[in-house]
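Notes follow once the structure below has been shown.
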Amino acid sequence: NTYDLPQSRWLMTKVTVLDGHAGEGADTQLTTYGYTAPKYNRLERDFYGYTSVTENHLNTQNANALYRSIAREYFTDGYYTKGLLKREVLQNESGAPFTETENTYLLRNVDTGLEPADAASTSATVFPMLTRTDRRFYEGQVSPGKTTYTTHEYDTLGNVTRFIDTGDVGATDDVEAVIAYTNCPSYVIQPNNITVKGNGVERRRREATLDCATGNVSEVRQYLANGQAAVTNLTYFANGNLQTVTGPLNKNAQRYVLTYEYDPVVATHVTRISDSFGLASQATHNYKFGKVETTTDTNNHQTTYFYDSIGR
């Protein structure tokens, strides 16, 4: 035992998978794991994990020689970031990098909103926000041939409010999504608006109306290029099961409707779906296993499922 690891720990060091098809190439997949730099915090009396974990994929057709490896680094220097992935590198057998992912976090004090929060505090409530993820593509070279990154912004409750994907070099393929949420007094917090822009131009916009008492979505509006909204309406039974879905207007001002019916025993399984054309499909269920027993399609063709004593 050491100062940073004052106790013994069970660790998974090897996984062997047999494919069950002998003679068709490699029959066994062999993966080994290595762990370095453990960290035990004596103030918190908590094990923060290993700073580095390496996953090795071995070539079982070449005397278990190393085929590739994935080196992962984790944060172990603070209570609020312990166990979070810091960096991941995919390497070939000689250690040449192919892809690299690096995460950046920002600590926010939930009570005061302070950013960055005091990482050494023993009493604060802190949210470790993933603010940026960098991706680098080396393809075995010393320097990456391509780099890209994504960013996240959050509201006071930790919901993502803005997301940016920079794609390739230059702004022409950059994608930005701005997301808004309900502000119900019942603390039903659901996304109700998303706007997606490409190269600064609006590409997608979707809104929703939610019932603050139940959280059910009653209407979805998807906006077209001319500013008109394609409206979908949803209704529910008193127990919260979906009852109808009414699609947007077509060019003849007609709307396609789907109606759902449920089993009378546990009111969980859909037993019938009918549409505005008079077509319907039906199903029966095995209540013991919660699985479909029969299905009957719109042409009245039936499929029957049989299960063994444990539901397979």
Side-chain angles (χ1 to χ4, degrees), residues 1-13 33-56 69-91 95 97-138 143-144 147-167 174-183 187 189-191:
N1 293 346
T2 65
Y3 180 85
D4 284 323
L5 187 62
Q7 69 281 108
S8 299
R9 306 192 70 84
W10 287 100
L11 298 175
M12 182 175 67
T13 58
Y33 297 88
Y35 305 82
T36 59
K39 183 62 179 178
Y40 181 85
N41 185 282
R42 295 174 180 272
L43 174 64
E44 296 290 348
R45 296 175 176 81
D46 190 13
F47 181 62
Y48 284 3
Y50 291 88
T51 304
S52 177
V53 179
T54 302
E55 176 182 328
N56 298 309
S69 65
I70 304 173
R72 298 183 176 95
E73 298 176 16
Y74 296 89
F75 287 97
T76 59
D77 57 352
Y79 178 80
Y80 303 109
T81 56
K82 63 175 181 176
L84 294 178
L85 181 63
K86 180 179 182 181
R87 181 170 173 263
E88 178 181 290
V89 180
L90 173 65
Q91 304 166 313
F98 272 71
T99 62
E100 178 187 22
T101 302
E102 187 171 7
N103 295 324
T104 302
Y105 296 86
L106 176 64
L107 300 183
R108 175 197 287 171
N109 187 307
V110 174
D111 296 319
T112 66
L114 179 64
E115 298 176 7
D118 180 7
S121 173
T122 57
S123 59
T125 301
V126 175
F127 170 37
M129 302 182 293
L130 175 63
T131 56
R132 176 167 170 148
T133 298
D134 288 272
R135 292 272 289 165
R136 306 178 184 98
F137 301 86
Y138 293 86
S143 300
T147 61
T148 186
Y149 67 89
T150 59
T151 62
H152 297 80
E153 297 178 11
Y154 304 83
D155 63 14
T156 56
L157 297 177
N159 297 310
V160 175
T161 57
R162 188 166 179 251
F163 168 81
I164 295 177
D165 187 338
T166 59
D174 288 4
V175 175
E176 176 192 24
V178 177
I179 307 164
Y181 297 82
T182 57
N183 187 23
Y187 294 100
I189 309 298
Q190 296 287 346

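- Taking CD1 of Ile179 as the reference point, atom CG of Asn159 lies at 9.0 Å (rounded to 0.5 Å).
- Remark: Glu44 engages no residue in a salt bridge (Lys or Arg N to Asp or Glu O under 4.0 Å) (not counting sequence neighbours).
- With hydrogens and angles left out, the side-chain atoms of Gln91 and Ser69 include a donor and acceptor closer than 3.5 Å.
- The NZ atom of Lys86 sits 13.5 Å away from the OH atom of Tyr74 when rounded to the nearest 0.5 Å.
- Between Tyr154 and Leu130, the shortest heavy-atom distance links the atoms OH-O, 2.5 Å.
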### Query
When you look at Tyr40 and Arg9, which way does the side chain to side chain contact (heavy atoms under 4.5 Å, CB included) test go after all the steps?
CA-CA 12 Å; Tyr40 181 85; Arg9 306 192 70 84; 5.8 Å; no
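- Here salt bridge (Lys or Arg N to Asp or Glu O under 4.0 Å) pairs that include residues 98-109, with residues two or more places apart or in two chains, are Arg87-Glu100, Glu100-Arg136, Glu102-Arg136, Arg108-Glu115.
- In this view, Asp77 satisfies the salt bridge (Lys or Arg N to Asp or Glu O under 4.0 Å) rule with no residue, not counting sequence neighbours.
- Surrounding CG of Asn183 are at most 12 heavy atoms belonging to other residues, nucleotides or ligands under 6.0 Å away.
- Among pairs with a residue in residues 120-132, those fulfilling salt bridge (Lys or Arg N to Asp or Glu O under 4.0 Å) read Arg132-Asp134, at least two apart in sequence or across chains.
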### Task
Could you go through the side chain to side chain contact (heavy atoms under 4.5 Å, CB included) check for Tyr181 and Leu157 one step at a time?
CA-CA 10 Å; Tyr181 297 82; Leu157 297 177; over 6 Å; no
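- For Thr51, the side-chain contact (heavy atoms from CB on, under 4.5 Å) partners are Ala37, Thr76, not counting sequence neighbours.
- A side-chain donor-acceptor contact under 3.5 Å links Asn103 and Thr133.
- The distance from the OG1 atom of Thr131 to the CD atom of Glu153 is 9.5 Å, given to the nearest 0.5 Å.
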Give the table of side-chain donor-acceptor pairs shorter than 3.5 Å for residues 118-128, with sequence neighbours excluded, one pair per line with atom names and distance.
residue, atom, partner, partner atom, Å
Asp118, OD1, Ala120, N, 3.0
Ser121, OG, Ser123, N, 3.2
Ser121, OG, Ala124, N, 3.1

### Message
Applying side chain to side chain contact (heavy atoms under 4.5 Å, CB included) to Arg72 and Tyr50, what does each step give before you reach the verdict?
### Response
CA-CA 10 Å; Arg72 298 183 176 95; Tyr50 291 88; over 6 Å; no
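- Distance check, rounded to the nearest 0.5 Å: OG1 of Thr166 to CD of Glu176 gives 12.5 Å.
- Enclosure of atom CZ in Arg45 is not indicated, since only 12 or fewer non-hydrogen atoms of other residues, nucleotides or ligands lie within 6.0 angstrom.
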